[in-house]
Peer 1: 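A single structure is presented below for examination.
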Amino acid sequence: METQSVAGVACTDLYQAMARIDGAALARLEQAIAEANAIFVFGAGRSLLMLKAFAMRLMHIGLNVHVVGDVVTPALQKGDLLLLASASGETASLVNVATKAKQLGGTVALLTIFPESTLGKLAEVVIRIPAYTDKLPDGPENVKGILPGGSLFEEAVMVLGDAMIVNLAQSTGYRLTKGFALHANLE
Ligand SMILES: O=P(O)(O)OC[C@H]1O[C@](O)(CO)[C@@H](O)[C@@H]1O
């Protein structure tokens, strides 16, 4: 199959996953983001890359956002939000960070395939992304798509992030009709 056709099938897989996401849970996440004093994002590998892209957009619309582990990331305070992306919900470094964030009075939000995971139990706001996973048997609820590994989950995180920006910008009064004035100018 030609590469652009593979990409087209991937978009269909992504669309079908999006159609099964709980809109009320997403609205709760948007509210938690809008109400947080500061937002911290964290993940491992590609899941973290997607959240870094989301963090950039949150900065663009004027929100106070940090990436856990960066040398200039400040202390998490009570009233802050920790947003995690983890397909498995079991990555040990995220479990440690989530536990610490809760001890500090933070709220934990999670994007995951497994709401019943260790991270899912720690998080106050959980968004289930019904992407294919080889950790579950194949079946009508878990159909392998065209993309390899955890790509469908990761790309769903990316698209959901940009979609949330559309709604968050409306609620914060940021106009998306022009370029992002706050985008880095030292690149
Ligand atoms: O998203 P999870 O389940 O926390 O796992 C993170 C792992 O997944 C990947 O992002 C992709 O497989 C890896 O880079 C990383 O080690």
Side-chain angles (χ1 to χ4, degrees), residues 3 6-7 9-22 25-26 28-30 32-33 36 38-59 65-71 73 76 80-104 106-139 141-165:
T3 302
V6 175
V9 174
C11 288
T12 304
D13 291 346
L14 196 53
Y15 177 81
Q16 284 168 355
M18 290 296 161
R20 294 169 57 210
I21 291 177
D22 179 357
L26 265 181
R28 282 196 294 280
L29 176 56
E30 285 171 5
I33 290 170
I39 303 131
F40 292 73
V41 302
F42 193 43
R46 285 169 53 100
S47 300
L48 175 59
L49 290 175
M50 305 303 151
L51 285 185
K52 283 187 174 180
F54 183 48
M56 180 195 277
R57 285 282 185 250
L58 292 172
M59 174 278 289
V65 59
H66 309 283
V67 178
V68 173
D70 276 5
V71 290
T73 297
L76 182 140
D80 292 348
L81 176 72
L82 173 68
L83 172 61
L84 305 168
S86 174
S88 63
E90 299 293 346
T91 300
S93 56
L94 276 65
V95 173
N96 287 340
V97 165
T99 304
K100 189 81 188 285
K102 289 192 69 161
Q103 286 165 359
L104 293 165
T107 300
V108 176
L110 173 69
L111 300 162
T112 187
I113 298 174
F114 292 100
E116 69 285 3
S117 60
T118 305
L119 283 174
K121 288 180 186 130
L122 281 168
E124 284 91 352
V125 183
V126 180
I127 312 298
R128 177 174 179 262
I129 296 178
Y132 175 81
T133 172
D134 58 12
K135 294 183 172 66
L136 290 176
D138 289 8
E141 294 294 307
N142 189 42
V143 180
K144 176 141 178 44
I146 200 161
L147 295 177
S151 288
L152 190 67
F153 171 79
E154 292 142 9
E155 288 169 31
V157 170
M158 179 85 179
V159 173
L160 279 176
D162 279 338
M164 282 192 284
I165 291 296

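Note that the structure is predicted; figures quoted are calculated from it, not measured. Ligands are counted one by one from 1 in listed order, and the atoms in each one are counted from 1 as well.
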Peer 1: Short list, please: which atoms of ligand 1 are under 4.0 Å from a heavy atom of Ala87?
Peer 2: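 Close to Ala87: 1 (O), 2 (P), 3 (O).
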Peer 1: Is there a donor-acceptor pair under 3.5 Å between the side chain of Glu124 and the backbone N or O of Val108?
Peer 2: yes
Peer 1: Report the member of Ser88, Gly45, Ala85 with the shortest heavy-atom distance to atom 3 (O) of ligand 1.
Peer 2: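 Checking each option, the heavy atom nearest atom 3 (O) of ligand 1 is found in Ser88.
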Peer 1: Please state which option from Thr91, Leu94, Thr133 has its nearest heavy atom closest to atom 5 (O) of ligand 1.
Peer 2: Thr91
Peer 1: Under 4.0 Å from a heavy atom of Ala44: give me the atoms of ligand 1 that qualify, with their elements.
Peer 2: 6 (C), 10 (O), 15 (C)
Peer 1: Is it true that the side chains of Ser117 and Glu90 contain a donor and an acceptor less than 3.5 Å apart?
Peer 2: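 Per modelled atom types, Ser117 and Glu90 side chains form no pair under 3.5 Å.
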Peer 1: Would you say Leu111 and Phe54 make side-chain contact, with heavy atoms under 4.5 Å?
Peer 2: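 No - every pair of side-chain heavy atoms lies 4.5 Å or more apart.
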Peer 1: Counting distance only, does the side-chain N/O of Asn142 pair as donor-acceptor with the main-chain N or O of Leu136 below 3.5 Å?
Peer 2: yes
Peer 1: Would you say the side chain of Leu29 lies within less than 4.5 Å of the side chain of Leu83, judging by non-hydrogen atoms?
Peer 2: yes
Peer 1: Provide, to 0.1 Å, the distance between atom 9 (C) of ligand 1 and the closest protein heavy atom, together with that atom's residue and name.
Peer 2: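 Going atom by atom, the protein heavy atom closest to atom 9 (C) of ligand 1 ends up being Glu154 OE2, 4.0 Å.
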Peer 1: Quick one: look up the protein heavy atom nearest atom 10 (O) of ligand 1 and list residue, atom name and how far away it is.
Peer 2: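 The protein heavy atom lying closest is Arg46 N, 3.0 Å.
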